[in-house]
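In what follows, a single structure is set out as structure tokens and then discussed.
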Amino acid sequence: MTLNNTKKFAVFTIDAEAFSDTGCVRESGYNCEHDMLDGLDNYIELLDKYGIKATLFTVCHTAETVKDKLKSYAARGHRIALHGLDHTAPLKLSNEQFREELIAARDKLESDLGIRIEGYRAPFFSMDNEKLEILRELGFRYDSSRLDLVKNHNGGVINVNGFRRIASGVFRSKGFYEFGLSSQKLFNFDYPVSGGGYLRLGNWGFTKELLRRYLVNNDYYIFYLHPFEFSDIKVPKIKNLKPHDKYYLNYGVSAFRKKVESIILMLKKLGYEFITFDEYIELKEKERENNK
Ligand SMILES: [Zn+2]
């Protein structure tokens with residue numbers, strides 16, 4: 001891979017969590033008999049078709065149930081990172097609790113899978129700078145929880161003052177990287193174009209055009225989704241759900257795979273290179289060395 005500042009990069013990720021860990025499902029108290037983790041296989045199968053290596057932000061408790069699956073993905077070059085011990089929002093924890101959970105989750109995941117864990121994404125993107133500092137102190141190399149551009153989201157806020165901007169949404173400070181999720185401005189609103197519900201639920205003609213605009217004008221893109229959005233199992237009927245949660249869980253799931261494939265093809269057409277966070281960090285660190 002050659003170093004070139006004009007290169008554009010895309011990272012494909014998934015938050016590897018059970019269906020029951022979805023915020024509204026958890027709150028409803030619904031006891032889901034299926035975790036919908038077959039969505040992981042379907043996602044990896046699609047990415048393998050295009051030679052893309054995924055990063056799986058994995059909930060430690062979820063990993064227990066799909067250990068062999070995760071090991072086989074890792075053996076094929078996909079990367080495993082951490083998405084919390086049990087999918088509790090970090091901002092609901094004290095800093096000390098967060099530190100203890102991180103250590104326990106990382107140790108368990110590393111010993112279960114026999115690999116090093118160096119990256120983190122906060123459940124519900126619930127993150128702030130103090131907790132980011134804890135990640136850095138514990139030797140994590142990167143975080144991917146920044147959603148600052150997205151107003152009205154219940155996640156936390158990561159302030160990147162003191163970080164150096166490396167690319168669109170990518171920041172570095174003292175060797176630690178923050179990979180933010182992408183948004184495209186539309187009038188006064190920053191519309192998220194990195195995946196999850198926004199790309200699945202939005203009118204495709206509209207979101208595709210927003211995404212195209214983002215990709216033409218930027219040099220870095222992150223995509224993410226959840227296993228249930230790629231599962232072959234029909235989302236169960238859950239009582240006590242608010243109408244917008246019902247909509248979130250059901251709408252557009254069956255058509256989503258086609259959309260994701262269109263996004264991959266769009267990225268290829270626009271000259272994006274698929275990369276993992278680790279590879280990206282290595283490239284940038286080498287570039288720094290060479291420029292010294
Ligand atoms: Zn999550």
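Counting starts at 1 for both ligands and their atoms, in listed order. All values reported here derive from a predicted model rather than from experimental measurement.
Using a 4.0 Å cut-off between a side-chain N of Lys or Arg and a carboxylate O of Asp or Glu, Arg79 and Asp278 qualify as a salt bridge. A salt bridge does not link Glu229 to Arg257: none of the charged side-chain nitrogens sits closer than 4.0 Å to a carboxylate oxygen. Between Asp219 and Lys7 there is no salt bridge, since no side-chain nitrogen of the basic residue lies less than 4.0 Å from a carboxylate oxygen of the acidic one.
Nearby protein atoms of type N, O or S around the Zn ion (ligand 1) amount to 3 (distance under 2.8 Å).
Two rings, from Tyr191 and Tyr198, have their centers less than 6.0 Å apart.
By the 30° and 60° cut-offs, the orientation of the rings of Tyr214 relative to Tyr221 is tilted.
Considering CD of Glu64 and CG of Leu109, their distance stands at 10.0 Å, rounded to 0.5 Å.
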